[in-house]
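Since the structure is predicted, the reported quantities are computational estimates derived from the model, not experimental observations. Letters go in sequence order (proteins before strands), and every chain restarts at 1.
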There are 2 protein chains.
Amino acid sequence: MKDKLKLSMPEQDLQPREKILLTALELFAEQGFERTTVRQIARKAEVNISAIAYYFGDKAGLYQAAFVEPLGSPKDDIELFNDPNISLEEALQGLFSGFTEPLKQDKLAMLCTRLHMREMVEPTGLWAQEIDNGIAPYHQALLVVLKKHLYLNKVDDDLHRLAMCIVAMGVHLFVGRDVIEKLCPKIIAGNSGLNQTHDRLVMFAKSMIEAEKNRRKQVNV
Amino acid sequence: MKDKLKLSMPEQDLQPREKILLTALELFAEQGFERTTVRQIARKAEVNISAIAYYFGDKAGLYQAAFVEPLGSPKDDIELFNDPNISLEEALQGLFSGFTEPLKQDKLAMLCTRLHMREMVEPTGLWAQEIDNGIAPYHQALLVVLKKHLYLNKVDDDLHRLAMCIVAMGVHLFVGRDVIEKLCPKIIAGNSGLNQTHDRLVMFAKSMIEAEKNRRKQVNV
DNA sequence: TGTAAATTCAAACAAACGTTTGAGTCAATA
DNA sequence: TATTGACTCAAACGTTTGTTTGAATTTACA
């Protein structure tokens with residue numbers, strides 16, 4: 001196992017390997033895999049091109065490392081949902097924190113999230129792995145919480161629709177970032193604005209769940 | 001002005017220019033600008049490479065043409081919102097139809113929408129133009145409808161948040177397509193499934209608007 | 001200090017990219 | 001038939017891409 005990556009972001013006095021990794025993470029997250037060249041990474045990281053091959057084999061290996069290494073496994077977050085005593089409010093708080101917290105201060109977390117979101121739209125090949133290990137368990141955990149709070153005994157398509165719409169609001173904070181920054185930047189800029197956005201997401205999610213509950217009540221009469 | 005592009009999708013017996021344009025639209029929409037090569041387009045369209053330069057100047061010109069030509073201006077859709085007599089229900093129906101209808105049968109409309117959504121995540125340079133001409137007016141029109149139905153006299157950040165969350169659900173049908181197809185494909189496959197998704201989106205949006213209305217009521221006591 | 005491994009470096013590599021060339025083909029017109 | 005303009009084609013262009021090379025340099029350890 002490699003040493004745990006230093007989480008401090010001042011990108012100076014880092015070991016070459018870490019400097020490359022963080023620079024690559026930033027460029028991949030901002031520009032995507034194709035638009036980012038190894039020369040650009042090497043230049044910005046102030047290392048020789050061949051250092052990339054030396055440490056990571058090739059560009060794809062670097063991408064994979066940037067994708068996997070900086071963040072630990074997301075299982076901790078998922079266990080949050082598995083707690084049977086968790087309230088709906090708490091579950092939603094935790095869910096959306098995964099989207100809003102990275103936008104606050106932690107540049108590393110933000111870049112990691114951005115990269116993972118990008119993989120959703122621009123699959124590079126790690127996608128199949130990511131959807132199985134990262135997204136699907138999350139979706140399943142959310143389904144379990146929703147199923148419980150709607151008093152259902154099986155997951156149906158409409159529950160999938162509800163889960164998808166709830167997650168969509170969080171995803172959009174990253175996917176639609178450029179648009180948001182142009183149209184209403186304040187809602188993702190600064191801690192207070194983000195906290196307020198977080199509260200609204202929770203509120204909206206709760207209202208959607210309530211609406212779905214009512215719809216099912218009406219259908220079952 | 002060029003002749004209007006034929007909207008029929010059987011890609012045979014088309015003029016070379018149209019064949020290139022439709023093939024490029026498909027590949028750009030599926031793979032993005034960078035991953036799509038002019039050779040790939042030429043091969044799939046069964047034309048010589050240099051035909052692309054002949055008809056469109058260069059790759060960027062072809063992309064621009066594929067981005068702009070197939071769809072007319074979206075002003076018709078926006079005028080839908082400007083009707084002062086429109087109900088909230090109708091406005092939301094119209095809004096989400098813009099996302100669900102292209103997924104039904106119309107392959108051309110679906111590719112166009114996908115390409116425009118992709119531009120949001122992977123800006124190529126047309127982005128600034130698209131956000132000004134395509135997205136911003138839409139967002140503004142939605143804000144007007146929401147403002148009216150919440151009885152507000154000015155647009156504030158929380159109204160932006162509401163609008164963003166509503167739009168996010170529609171956008172996610174395209175941005176998260178691959179994920180959806182893996183986790184719950186039925187909600188975007190087939191007309192009946194899409195119709196049901198459409199109805200849920202409207203219902204969720206209405207519940208979010210209601211929640212926001214109640215929140216403001218509580219704040220103002 | 002001496003030796004071997006680890007790391008860095010400038011340079012070159014083949015392949016793929018977008019683009020251009022110039023001869024060639026075809027249909028229409030005079 | 002001769003000529004023009006629209007269009008097609010195989011081939012080559014110059015760049016940039018990711019990758020590799022092999023010698024230099026630094027580091028670690030006996």
Side-chain angles (χ1 to χ4, degrees), chain A residues 1-3 5-6 11-67 69 115 118-119 122-126, chain B residues 1-3 5-6 11-67 69 115 122-126:
Chain A
M1 255 309 194
K2 296 281 176 186
D3 287 349
L5 189 69
K6 283 206 198 101
E11 290 169 19
Q12 46 193 358
D13 302 334
L14 286 179
Q15 306 276 43
R17 208 193 104 99
E18 299 174 358
K19 202 148 75 168
I20 295 173
L21 197 62
L22 290 181
T23 307
L25 171 62
E26 182 167 352
L27 291 174
F28 283 142
E30 296 291 342
Q31 311 177 344
F33 182 80
E34 305 288 338
R35 300 167 78 99
T36 303
T37 73
V38 292
R39 282 182 172 80
Q40 189 184 8
I41 296 170
R43 201 182 317 127
K44 186 160 186 177
E46 295 174 306
V47 300
N48 188 273
I49 293 192
S50 49
I52 291 174
Y54 181 76
Y55 287 109
F56 302 98
D58 56 8
K59 186 186 180 184
L62 173 56
Y63 181 83
Q64 163 133 6
F67 196 85
E69 279 191 36
L115 189 62
R118 184 180 284 280
E119 181 75 15
E122 287 178 86
T124 65
L126 292 184
Chain B
M1 257 310 194
K2 295 280 173 185
D3 288 348
L5 188 69
K6 283 207 198 98
E11 291 167 20
Q12 46 194 356
D13 303 333
L14 286 179
Q15 307 276 40
R17 208 193 103 98
E18 299 174 358
K19 202 148 73 167
I20 295 173
L21 197 63
L22 291 180
T23 307
L25 171 63
E26 182 167 352
L27 291 175
F28 283 142
E30 297 290 343
Q31 310 178 346
F33 182 79
E34 305 288 339
R35 300 166 78 98
T36 304
T37 72
V38 292
R39 283 181 171 82
Q40 189 184 8
I41 297 170
R43 200 182 318 127
K44 186 160 186 175
E46 295 174 306
V47 300
N48 189 273
I49 294 190
S50 48
I52 291 174
Y54 181 78
Y55 288 110
F56 302 97
D58 56 9
K59 187 186 180 184
L62 172 56
Y63 181 83
Q64 162 131 9
F67 196 86
E69 278 190 36
L115 189 61
E122 286 179 85
T124 65
L126 292 184

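- Here the straight-line distance linking atom CZ of A/Phe67 with atom CG of A/Leu62 works out to 13.5 Å at 0.5 Å rounding.
- Of all nucleotides in DNA chain D, those with any atom nearer than 4.0 Å to a heavy atom of chain A start and finish, going 5' to 3', at D/dT17 to D/dT21.
- For B/Thr37, the side chain to side chain contact (heavy atoms under 4.5 Å, CB included) partners are B/Arg39, B/Gln40, not counting sequence neighbours.
- Remark: A/Ala42 engages A/Val47, A/Ile49, A/Ile52 in a side chain to side chain contact (heavy atoms under 4.5 Å, CB included) (not counting sequence neighbours).
- Once rounded to the nearest 0.5 Å, the distance linking OG1 of B/Thr36 with CD of B/Glu26 reads 10.5 Å.
- Computed from C1' positions of five pairs at each end, the angle between the two local axes of the helix from C/dT1-D/dA30 to C/dA30-D/dT1 equals 10°, rounded to 10 degrees.
- Although no hydrogens or angles enter the test, the distance criterion places no donor-acceptor pair under 3.5 Å between the side chain of B/Arg35 and the main chain of B/Glu30.
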How would nucleotides 8-13 of chain C be written as a contact map, 5' to 3', with B for base contact, S for sugar-phosphate-only contact and - for no contact, using protein heavy atoms under 4.0 Å?
-> BBB-B-
List the steps and the verdict of side chain to side chain contact (heavy atoms under 4.5 Å, CB included) for B/Ile41 and B/Phe28.
-> CA-CA 9 Å; B/Ile41 297 170; B/Phe28 283 142; 3.9 Å; yes
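- A/Phe56 pairs by the ring pair (Phe, Tyr, Trp, His ring centres under 6.0 Å) definition with nothing, not counting sequence neighbours.
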Stepwise side chain to side chain contact (heavy atoms under 4.5 Å, CB included) test for A/Tyr55 and A/Leu21 = CA-CA 10 Å; A/Tyr55 287 109; A/Leu21 197 62; over 6 Å; no
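- Summarising the geometry, atom OG1 belonging to A/Thr124 is positioned 4.0 Å from atom OH belonging to A/Tyr63; distances are rounded to the nearest 0.5 Å.
- Checked by atom type and distance alone, the side chain of B/Thr23 never pairs as donor or acceptor with a backbone atom of B/Lys44 at under 3.5 Å.
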